[in-house]
Amino acid sequence: MLLENSFPADTRVRNEAGTLVANGYRVSVISLRSPGQPWREVVDGVMVYRVPRLTVFAKLPEGNPSGIAKLGRSI
């Protein structure tokens with residue numbers, strides 16, 4: 001399972017993974033790593049692998065909107 005946030009904090013995915021494990025499936029989750037979390041661990045029978053959050057583009061401050069944002073406001 002691929003997750004765009006932290007595991008086991010996401011209860012929806014935690015419940016789905018737990019149901020699969022309870023029914024005999026081997027489950028692995030790849031999620032984002034929150035500060036202080038181990039890179040990998042087993043949580044209630046679910047193998048969890050964590051990757052760091054990568055920020056490719058920083059958000060612009062509100063005082064300096066992009067050209068697209070300016071165009072959207074003028075329409």
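This chain uses plain numbering: 1 for the first residue, then up along the sequence.
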**Donor-acceptor contact below 3.5 Å, side chain R50 vs main chain E41** =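 Checking the backbone N and O of E41 against the side chain of R50, no donor-acceptor pair under 3.5 Å is found.
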**Joint hydrophobic cluster, M1 plus L3, side-chain heavy atoms closer than 4.5 Å** =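 Yes.
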**Message:** Is there a path of hydrophobic side-chain contacts, each under 4.5 Å between heavy atoms, that joins V29 and W39?
**Reply:**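 Cluster IDs for V29 and W39 differ.
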Could you state the interatomic distance from [atom1] ([X]) to [atom2] ([Y]), rounded to the nearest 0.5 Å?
X: N15; Y: L20; atom1: CG; atom2: CG; result: 11.0 Å
X: E16; Y: D10; atom1: CD; atom2: CG; result: 8.5 Å
X: I30; Y: R40; atom1: CD1; atom2: CZ; result: 13.0 Å

**For L32 against P52, the heavy-atom pair lying closest together** =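 Looking at all heavy atoms of both residues, the closest pair is CD2-O, 4.2 Å.
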**Item:** CG (D44) with more than 12 external heavy atoms under 6.0 Å
**Value:**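 No, not enclosed.
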**Asked** Side chains of V48 and V42: closer than 4.5 Å at any heavy-atom pair?
**Response** no
**Prompt:** Per the side-chain contact (heavy atoms from CB on, under 4.5 Å) rule, which among R33, Q37, R53 passes with S6?
**Reply:**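 With S6 as partner, R33, Q37, R53 yield a single side-chain contact (heavy atoms from CB on, under 4.5 Å), made by Q37.
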